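Down below is the structure, laid out as structure tokens.
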Amino acid sequence: MVLRFAPNPSGPLHIGHARAAILNQEYVTRYGGKLILRVEDTDPRRVDPDAYQMIPEDLEWMGVKWQDQYIQSDRMEIYHQYARELIELGKAYMCTCPGDEFKKLKDSSQECPHREMSLAENLKLWEEMPGMSEGSVVLRVKTDLDHKNPAIRDWVAMRIVDDEHPRIGDKFRVYPMMNFSVTVDDHLMGVTHVLRGKDHLANSEKQKYLYHHLGWDVPEFIHYGRLKMDDIALSTSQARNGIEEGMYTGWDDPRLGTIRAIGRRGIMPEAIKELMLEIGVKIADSTVSWKKIYGLNRNILEKVANRYFAVLNPQKVTINGLPESLKGTIKRVKHPDFPDRGYRELPFDGEVYLDQDDIENNNGRVLRLMDAVNIKIADEITYHSSSLEDARKEKARIVHWVPVSSNKRVKVMMQDANLLSGFIEPSSDELSVDDIVQLERVGFARLDSVQNSELTFYFAHK
RNA sequence: GCUCCGGUAGUGUAGUCCGGCCAAUCAUGUCGGCCUUUCGAGCCGAUGACUCGGGUUCGAAUCCCGGCCGGAGCACCA
């Protein structure tokens, strides 16, 4: 089997691309064969030069591997060659009809005057095409003027574009349309199965005519439905505008649905993969919720993420009447299921930061500081007892805390780009960037940067 | 409007091709319980669906017709 992932380089990959990429990859690994990465940049106006770099990066992050790689703008001569061949076969013709006039004819199943031009006239126009003005002429593939779907009738194969191409400059003015270059490439590259969105249903139909004209085998077309994410509805172009206007910090802004934004937040590639394999290739649309992704991701992270205390809405608390004997160092496992990962140590001297909400929601009640002591919340915070049993008796809430005497500053970037700040326990200094941890009772987060001993996390989910 | 396609629990999915083993799978969510220490993790359990109406058949989620709802395309974008 030969499959290809063929994105348009208009920006980095987003969650929708992930489906095509991962499913293609899955077919290859499951049935054997190869995967081709083909960058489809035959519209000079829809090319973001950075995308040539970002697309492979995003694929690598997702764990998608490809064997061959092509860029269509390197293959312009090939498209020109096949376009000419098609004319010589009498299967395509040069058409100078204004667009609206052709549409009128096409919609009533009538052929335009150029359809029966002689080969010589066609070739002459084809030779002149590079010197003609944009919009004045196109090469059309003959299909069936009686096809019940007007969209299929005599579609455009080559057209003139005046803009410079970001990669190949002004070397060419005559560019292939996607349906033409895709068909030529899929055939030349030996693609056996074409996996594409159902928005290409009509294109598959159009392309079949070209396969038949040239006597080529038609690959298996597989169409999948639309994938909607609740919340993020941002298209690549909307995201780009937002970045340019300074609304978003970049392609990896936590509010965006790009692969890099999702990864930055600590969503694991395996979670994305599981999601895509579950959704599969069915043609019915599906709406995926973040909760679903979080659930899958949590299953992976739960085993991986060590635990730390961070207080994000800190209020300094001094415990009155704390017996001297209870002061000391609290040891706590990094992960309850994997004790051999070791312990972290928190000095405890009666001065701690607690989450303001924990204090406000427990006024008049007993609160247990994990692995430390029980305290009574009132106007004054006082020592209550020390054992867990006592805490249970009081139905005390068990909360996390950070020592005042020893801690690091921490910031947590939330999904809505809200930046929370507070304190994290001192043993967090053993963490390095990219580590994903569970901030107990807060949620999972990925360490994004460390600056001047201040840690910045990107929040994944609870 | 025209062409094409789809509709299984809150969401996603299995089953639909080749009707019976489907009072319908799994996941996620939600709810409840458990846990010498995360109310939020984990573990256990529970709730929850075949779009509707006809037809064919001994028997239909599965086949046929119609309705309803939803989607895609109708570019000199990909």
Side-chain angles (χ1 to χ4, degrees), chain A residues 6-10 39-47 72 95 97-99 102-103 106-107 134-140 147-153 155-161 174-182 196-206 223 225-228 230 236-237 271 274-280 282-299 301-303 305 307-309 332-333 335-337 357-358 361-362 368-372 374 387-389 391-392 395-400 438-444 461-462:
Chain A
N8 168 247
S10 57
V39 181
E40 306 209 321
D41 56 348
T42 52
D43 180 0
R45 293 179 180 129
R46 282 194 50 181
V47 170
Q72 286 192 318
C95 174
C97 290
F102 183 85
K103 183 173 164 44
K106 179 187 77 171
D107 285 347
E134 178 168 328
S136 63
V137 61
V138 294
L139 177 70
R140 287 188 187 281
H147 196 290
K148 52 186 172 176
N149 184 356
I152 307 294
R153 300 172 194 160
W155 49 271
V156 176
M158 304 289 284
R159 89 296 202 176
I160 296 165
V161 181
V174 177
Y175 282 87
M177 296 294 290
M178 167 265 186
N179 276 312
F180 189 72
S181 49
V182 160
R196 50 166 63 137
K198 72 175 187 185
D199 45 324
H200 287 296
L201 239 16
N203 291 323
S204 297
E205 194 64 24
K206 290 183 190 180
H223 300 95
R226 299 261 297 179
L227 181 62
K228 282 171 285 188
D230 49 31
T236 299
S237 58
E274 277 178 43
L275 177 72
M276 296 311 168
L277 293 185
E278 180 171 328
I279 293 170
K282 59 181 248 178
I283 198 164
D285 297 346
S286 39
T287 306
V288 168
S289 69
W290 279 106
K291 280 186 172 180
K292 175 79 180 178
I293 294 178
Y294 294 163
L296 294 172
N297 200 52
R298 188 152 45 222
N299 291 339
L301 253 32
E302 158 57 20
K303 303 174 202 71
R307 275 55 165 168
Y308 293 90
F309 284 166
R332 203 172 149 72
V333 283
H335 191 117
D337 299 333
D357 291 340
D358 283 334
N361 297 335
N362 289 281
R368 175 159 180 85
L369 309 190
M370 275 189 222
D371 281 331
N374 309 321
S387 73
L388 181 64
E389 289 77 40
R392 294 240 185 266
K395 290 193 160 51
R397 189 138 287 189
I398 300 168
V399 302
H400 61 295
Q438 185 191 118
L439 303 175
E440 294 198 59
R441 298 214 310 138
V442 174
F444 295 92
H461 48 78
K462 288 200 167 178

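No experiment lies behind these values; they were computed from the predicted model shown. Hydrogens, waters and symmetry mates play no part in the numbers below; they use all other heavy atoms, side chains included. Throughout, protein chains are lettered first and strands after them, A, B, ... in sequence-line order, and every chain is numbered starting at 1.
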Could you tell me if A/R140 sits above the aromatic ring of A/F102, with its cationic atom closer than 6.0 Å to the ring centre and no more than 45 degrees from the axis? yes
Is A/R307 touching bases, backbone alone, or none of the nucleic acid, heavy atoms closer than 4.0 Å? base
Rounding to an integer number of angstrom, what distance separates B/A61 and B/C52 when you compare their C1' atoms? 14 Å
Can you tell me if A/N374 uses its side chain to pair, donor with acceptor, with the backbone of A/R368 under 3.5 Å? no
Kindly say whether A/D357 contributes a backbone atom to a donor-acceptor pair with the side chain of A/N361 at under 3.5 angstrom? yes
Nearest whole angstrom, please: distance from the P of B/C76 to the CZ of A/R46. 15 Å
Crowding at CZ, A/R226 (>12 non-hydrogen neighbours, <6.0 Å): no
Gap in Å between the two P atoms, one belonging to B/G42 and one to B/A60, rounded: 42 Å
Tell me which nucleotide, if any, is Watson-Crick or G-U wobble paired with B/U38 when both distances must be under 3.5 Å. none
Value in whole Å for how far the P atom of B/C43 lies from CD of A/E302: 7 Å
Could you check whether A/D371 gets within reach of a base, just the sugar-phosphate, or nothing at all, counting any heavy atom under 4.0 Å? base
Expressed in angstrom and rounded to an integer, what is the separation of A/L388 atom CG from B/C35 atom P? 12 Å
A/H147 or A/A151: which one's nearest nucleotide on RNA chain B is closer to the 5' end? A/H147
Taking only the side-chain nitrogens and oxygens of A/R298, find out if one of them lies under 4.0 Å from OP1 or OP2 of B/G29. yes
Interatomic distance, CZ@A/R46 vs CG@A/D41, rounded to 0.5 Å, equals 11.5 Å
Need to verify one output field. Residue with the more 5' nearest nucleotide on RNA chain B, A/M370 or A/S289? A/S289
Answer with base, sugar-phosphate or nothing: what part of the nucleic acid does A/T42 contact at a heavy-atom distance below 4.0 Å? sugar-phosphate
For a quick check of understanding: with a heavy-atom distance under 4.0 Å over all strands, which category does A/I279 fall into, base, sugar-phosphate or nothing? sugar-phosphate
Provide the distance between the two C1' atoms, one in B/C58 and one in B/G66, to the nearest whole Å. 26 Å
When the distance from NZ of A/K206 to P of B/A78 is rounded to whole Å, what number comes out? 11 Å
With C1' as the reference atom in both, quote the distance from B/C50 to B/G32 in angstrom, rounded to an integer. 28 Å
Give a yes or no on whether a donor-acceptor pair under 3.5 Å exists between the nucleobase atoms of B/G40, that is its base, and the side chain of A/R441. yes
Polar side-chain contact A/K462-B/G40 base: donor and acceptor under 3.5 Å: yes
Scan A/N361 against the nucleic acid and name what it touches under 4.0 Å (heavy atoms): base, sugar-phosphate only, or nothing. nothing
Distance, rounded to the nearest Å, where A/K148 contributes NZ and B/C5 contributes P: 8 Å
B/C58 pairs with which nucleotide, Watson-Crick or G-U wobble, both distances below 3.5 Å? B/G20
Salt bridge A/E302-A/R307, side-chain N to carboxylate O under 4.0 Å: yes
